[in-house]
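Side-chain atoms are counted along with the backbone in the values below, which use heavy atoms only and exclude waters and symmetry mates.
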Amino acid sequence: MIDFNPATFERHFRALIADPDSDFELDMLDDALQQTVAESEDARACAYIAVEVLSSENRPVTFAYALNTAVCASCLSGDTERVRRYLEQLVDLTSTGGIDLAALSAAENVSRLLPGNAKADHVPHVLYEVVRLYEQLGQIEKAIKTLIAAANLFADFGAFQPAYQSLAQAEELARDHSLLQPYADTIGALHAICLQEEDHAYAEEVWPTLMQKYAELETPVPAHLAVNRATALFQTGNHAAARTAYEDILATLIPRDAARPVVLMNLSACLRELGEPGPARERLSDARALMSSLEDVDSEHRLELELIASRNAIAMGDPVEAVACLQRAAVHLEAGVALVEKLHYRRGFRDRYIRRMERLLSDLPVAGRATDVVGVIAATRANRVSDWLHFLKWAGALASELAPQERDELERLVSHLAHHGSPHLFGYHEKYDDPMSAIAKPDPWRDIAEYADRASARHGVGRPFQNATSDRSAAVILQRLDEGYALLVNLLTADHKLLLLLGDRYVLCTLPEAQTLAFYGALAQHRQDPGKAATKALGRAVCDYQTALLHALAPVLDELAEASCKGVIFLPDGMDLTPINLVMVGHPGIRARMAAGGFDVRTCIALYPAQRVAGAPDACLGIVESESDLRYDRADVEGFFRGVGRVGTVLENPEWDVFEERMASTDTLVLSHHGVSVGLYKDPFMADMAGHGTRSVMSLMHLQGATFRWPHRLAVLGTCHSGGLVNRNHQQQFRAHELMGFPVVFLLNGRSEVLAASWAILDRFNLVFTSLFAPGLRDVHPSQAASTALAKLVELPVEELSALLLRAFPAGTTISPDLLTQMDNLRQQPFCYGAYQTYTLL
């Protein structure tokens, strides 16, 4: 038996290579490696050595077979970079005779061994080389099959643009080579992906072409295409026709056909919608039993089955079963997300299922056990920010194990990733992130994946997102509940619901639809045109919204006012349309507890454990505009410095380099200037708080690439609309809760809290608020200091207001009766105090 010891293998191998008559021995050695790499890491290392040695020798056939073996070894290791590199070399060798078999074997090894061993988002880089190989060898049908596989992979993770590009290439190959069956296969995949994207109109356009191709082939439409057609009928509400179609398909399938459980569970959904609960339950039971008996079942089919089963259980009045199915669906959702590492692919998979899962959550009984829903919340509220923070923690832990030169390489890769667009990728970068394209584009995620492949082997570390699990998030949620906090989970986009977690139970409430819509319209108009008329309209909408929210949420709010609750952690949804302090400060009982310092309110952007720090800030930095019509901008910043008891620095319109240098040693940042909403930009990546056509240091693109390295623990964004958040890029509206805006980027260092305003703020009100907020920071967390200050300002007896104004306004300001009356009115306006939110991590 050959001893594959890497330490001695190279010497032995080089001796064989030096012998011109050693072809037989080299073949035997390669065969032995092929048989051993599956079980032996040492054999894999020897396979890589063989390739390295042969790369400088003129033995193309031996080199080709060594490359094939190395492809096999690297597939088993999940090392996609090695696979891609070795395949690239094989393709380049195919101009040499005698290596076709080795090259084709390598391509087959990729399809056989790579799935399950490598992260799915890095596989397309390999498939690009496989397609190139098949085309060069004239294996066009196999090239088309590979392109279809790539398209399906892209679509699974919401990358529809590269999916369609791959299918366009496959269609062109099939047409150019007059390959009818591959052409039909391509159109069939196109139809399925249209349905996946929910583009039913285009799917309907594609269907006649698909039927025509199968008529030309003189073969029946395959079962999987018939299932897709039936699913289209179901998704567009034609349940009776879908039922008939599913039943017709079932009649053609053998008892253990892999498609049978898929048809059965979809038929069950049809029967449920048609009001036949008994048959619906039977078909689902049949689907579950058959699926559990089959060895190779697509994990997404298991997820779909649980979602259908949960909906069935709700329709049949069985909440216990509905909860159990929903919990299993959350586990399958996380398993799907874990297949990839690119943040927009992880979001893309969540996008496909989160809305459905949250609708099921909102249809559960109005009260129940917290443990029934915590795991589902943890899975559905994971987002790119929490993923990115887990990635940064992985990079930090790995860096501590590295030598300085290696640490510099990792630092460079992480910086490249951040500046390219992490966690929020610019829409064009996302749209044209196509590893199958012949036009190479920067792909920093591929670079970091290849680095992680090497680092994992060399240092025994896990993958970058190994700890980004919903189990960990659920544990932190339960910890916060045990600490005495309540969680408010906004389900507005699911079904106008709000879910309260308090102690060991949950409660569902219904949000007011009409007032929410009116508030949304007024807020959108105000952001576009912050004139007097739009501001008055928003003020009226805010008051109406507050009244409706206080009425709708009264039972929940009365319970939160009890002394046992320490505060509220609010999880906004993608619409970000429930200003939480509008409700909390508006409730007299909660406001009294906030004013007394016994209740704090914070808005949680990501389910990542917060590193909260209490106590007076150290180094403070203020930013103002040099030519501003604001009367109290500098007074506000200097009042903040006095309040926290620190000498700070004020910069006017700083250049980015100056600002970045200052932030490298800044504990607290305070802004006091004009601002515009991130919602005014087609893509938040391009947003600048200074507005369109202007560049300032508050450029979200620049901030995103830098803030995660800064040490700040508080950012006070004292500008209008600084707290605006959007759930989209220029390409699409997201279904997952991927809110992006200025508060988010200042949370990326994992230790900060951010105070910002959801709409316009008045500098006079902000000045007085700061005079209460800043001193509170000497003793408590920012969220508690902000909560106490807002409530105190509303609760303050009028006879004490004059003294507060004297402290707040610049020295020499006369507190006239008119000013006192004006400020007394302002401090009680929901428009003023409702705009403020403190953004944190969990």
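Checked by atom type and distance alone, the side chain of Ser470 never pairs as donor or acceptor with a backbone atom of Ala379 at under 3.5 Å. With Asn228 contributing its side chain and Leu195 its backbone, the two residues share no donor-acceptor pair below 3.5 Å. A donor-acceptor pair is defined here as one N or O able to donate and one able to accept, closer than 3.5 Å; such a pair exists between the side chain of Tyr246 and the backbone of Thr231. Of the possible polar contacts, one joining the Asp257 side chain to the Ala259 backbone as a donor-acceptor pair under 3.5 Å is found. Between the Asp573 side chain and the Thr493 main chain, a donor and an acceptor come within less than 3.5 Å of each other. Side chain of Glu141 to main chain of Pro182: no donor-acceptor pair is present (N/O by atom type, distance under 3.5 Å, no hydrogens or angles). In this structure, Asp434 contributes its side chain and Ala163 its backbone to no donor-acceptor pair below 3.5 Å. Side chain of Asp495 to main chain of Leu491: no donor-acceptor pair is present (N/O by atom type, distance under 3.5 Å, no hydrogens or angles). One N or O on the side chain of Arg728 and one on the backbone of Lys682 form a donor-acceptor pair closer than 3.5 Å. Formation of a donor-acceptor pair under 3.5 Å by the Ser386 side chain with backbone atoms of Ala382 is not found in this model.
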May I have the list of side-chain donor-acceptor pairs in residues 146-162 shorter than 3.5 Å, sequence neighbours left out?
| residue | atom | partner | partner atom | Å |
| --- | --- | --- | --- | --- |
| Thr146 | OG1 | Lys142 | O | 2.9 |
| Asn152 | ND2 | Ile148 | O | 3.3 |
| Asp156 | OD1 | Gln196 | NE2 | 3.4 |

Donor-acceptor pairs are to be reported for all side-chain atoms of residues 121-131 against protein atoms at under 3.5 Å, with residues two or more places apart or in another chain.
| residue | atom | partner | partner atom | Å |
| --- | --- | --- | --- | --- |
| Asp121 | OD1 | Glu341 | N | 3.2 |
| Asp121 | OD2 | Glu341 | N | 2.8 |
| Asp121 | OD2 | Lys342 | N | 2.6 |
| His122 | NE2 | Glu341 | OE1 | 3.2 |
| His125 | NE2 | Asp443 | OD2 | 2.9 |
| Glu129 | OE1 | Arg132 | NE | 3.1 |
| Glu129 | OE1 | Arg132 | NH2 | 3.0 |

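Counting heavy atoms from C-beta on, the side chains of Trp445 and Leu343 come closer than 4.5 Å. Here the side chains of Glu135 and Leu173 are in contact, with some heavy-atom distance below 4.5 Å. Using a 4.5 Å heavy-atom threshold, the side chains of Lys119 and Thr80 count as separate. With contacts defined as side-chain heavy-atom distances shorter than 4.5 Å, the pair Asp185/Ile144 does not qualify. Counting heavy atoms from C-beta outward, Val323 and Leu364 have side chains that approach closer than 4.5 Å. Counting only heavy atoms from C-beta outward, the side chains of His200 and Glu205 never approach each other to under 4.5 Å. For the pair Gln704 and Met740, the minimum side-chain heavy-atom distance is below 4.5 Å. In this structure, Glu306 and Arg302 have side chains that are not in contact, with every pair of non-hydrogen atoms separated by 4.5 Å or more.
Taking a cutoff of 4.0 Å between a charged side-chain nitrogen and a carboxylate oxygen, Arg359 and Asp363 do not qualify as a salt bridge. Glu276 has a carboxylate O that lies under 4.0 Å from a charged side-chain N of Arg243, or vice versa, which qualifies the two as a salt bridge. Using a 4.0 Å cut-off between charged side-chain N and carboxylate O, Glu450 and Arg446 make a salt bridge. Of the charged side-chain nitrogens involved, at least one lies within less than 4.0 Å of a carboxylate oxygen, so that Arg381 and Glu358 count as a salt-bridged pair. The existence of a salt bridge linking Arg84 and Glu81 is confirmed by a sub-4.0 Å separation between a basic side-chain nitrogen and an acidic carboxylate oxygen. In summary, Asp453 and Arg463 engage in a salt bridge, as defined by a charged side-chain N under 4.0 Å from a carboxylate O.
Between atom CG of residue Leu113 and atom OG of residue Ser77 there is a gap of 10.5 Å, rounded to the nearest 0.5 Å.
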Can Lys497 and Leu492 be said to form a side chain to side chain contact (heavy atoms under 4.5 Å, CB included), step by step?
CA-CA 5 Å; Lys497 295 288 179 67; Leu492 176 65; over 6 Å; no

Which is it for Arg356 and Glu304 under the salt bridge (Lys or Arg N to Asp or Glu O under 4.0 Å) test, yes or no, and what are the steps along the way?
CA-CA 10 Å; Arg356 289 170 63 188; Glu304 286 284 352; 3.1 Å; yes

| said: Using side chain to side chain contact (heavy atoms under 4.5 Å, CB included), reason through Met701 and Met686 one step at a time and then give a plain yes or no. | reply: CA-CA 6 Å; Met701 165 194 329; Met686 304 299 293; 3.7 Å; yes

task: Please report the C-alpha distance between Tyr345 and Val337 in whole Å, then the side-chain angles of each, then the deciding distance to 0.1 Å, and finally whether the side chain to side chain contact (heavy atoms under 4.5 Å, CB included) criterion is met.
output: CA-CA 8 Å; Tyr345 279 28; Val337 172; over 6 Å; no

Test log, rule side chain to side chain contact (heavy atoms under 4.5 Å, CB included), inputs Gln169 and Ser166: CA-CA 5 Å; Gln169 186 180 348; Ser166 293; 5.7 Å; no

Check: Step by step, would you call Tyr353 with Glu300 a side chain to side chain donor-acceptor pair (under 3.5 Å)?
Finding: CA-CA 10 Å; Tyr353 295 105; Glu300 286 190 52; 2.8 Å; yes

Exercise. Can Arg384 and Asp387 be said to form a salt bridge (Lys or Arg N to Asp or Glu O under 4.0 Å), step by step?
Worked result: CA-CA 5 Å; Arg384 289 169 302 171; Asp387 284 343; over 6 Å; no

Open item on the list: Run Glu198 and Arg735 through salt bridge (Lys or Arg N to Asp or Glu O under 4.0 Å) and show every step you take.
Closed with: CA-CA 13 Å; Glu198 298 186 11; Arg735 295 183 178 182; 2.9 Å; yes

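No hydrogens or angles considered: a donor-acceptor pair under 3.5 Å links the side chains of Asn68 and Asn109. Between Glu430 and Asn729, the side chains place a donor N or O and an acceptor N or O closer than 3.5 Å (distance only, hydrogens not considered). Using modelled atom types and a 3.5 Å distance limit, the side chains of Arg256 and Ser293 yield a donor-acceptor pair. For the residue pair His344 and Asp433, a side-chain donor N or O sits within less than 3.5 Å of a side-chain acceptor on the partner. A donor-acceptor pair shorter than 3.5 Å cannot be found between the side chains of Ser437 and Tyr432.
Every salt bridge (charged side-chain N to carboxylate O under 4.0 Å, His left out) that Glu204 has, sequence neighbours left out, goes to Arg229. In terms of the side chain to side chain contact (heavy atoms under 4.5 Å, CB included) criterion, residue partners of Leu180 (sequence neighbours excluded) are, by chain and number, Lys213, Glu216, Leu217.
Here Tyr681 and Phe685 keep their ring centres 6.0 angstrom or further from each other. The aromatic ring centroids of Trp207 and Tyr202 lie 6.0 Å or more from each other.
Residue pairs meeting the salt bridge (charged side-chain N to carboxylate O under 4.0 Å, His left out) criterion with at least one partner in residues 157-184, sequence neighbours excluded, are Glu171-Arg175. Listed by first then second residue, pairs satisfying side-chain hydrogen bond (donor to acceptor under 3.5 Å, both in side chains) with a partner in residues 259-268 read Ser268-Asn312, not counting sequence neighbours.
Relative orientation of the Phe426 and His429 rings is perpendicular, given thresholds of 30° and 60° on the angle between their planes. Using cut-offs of 30° and 60° for the angle between ring planes, the His420 and His416 rings count as perpendicular.
Within 6.0 Å of OH on Tyr214 lie more than 12 heavy atoms contributed by other residues, nucleotides or ligands. Lys145 NZ: 12 or fewer foreign heavy atoms inside a 6.0 Å radius.
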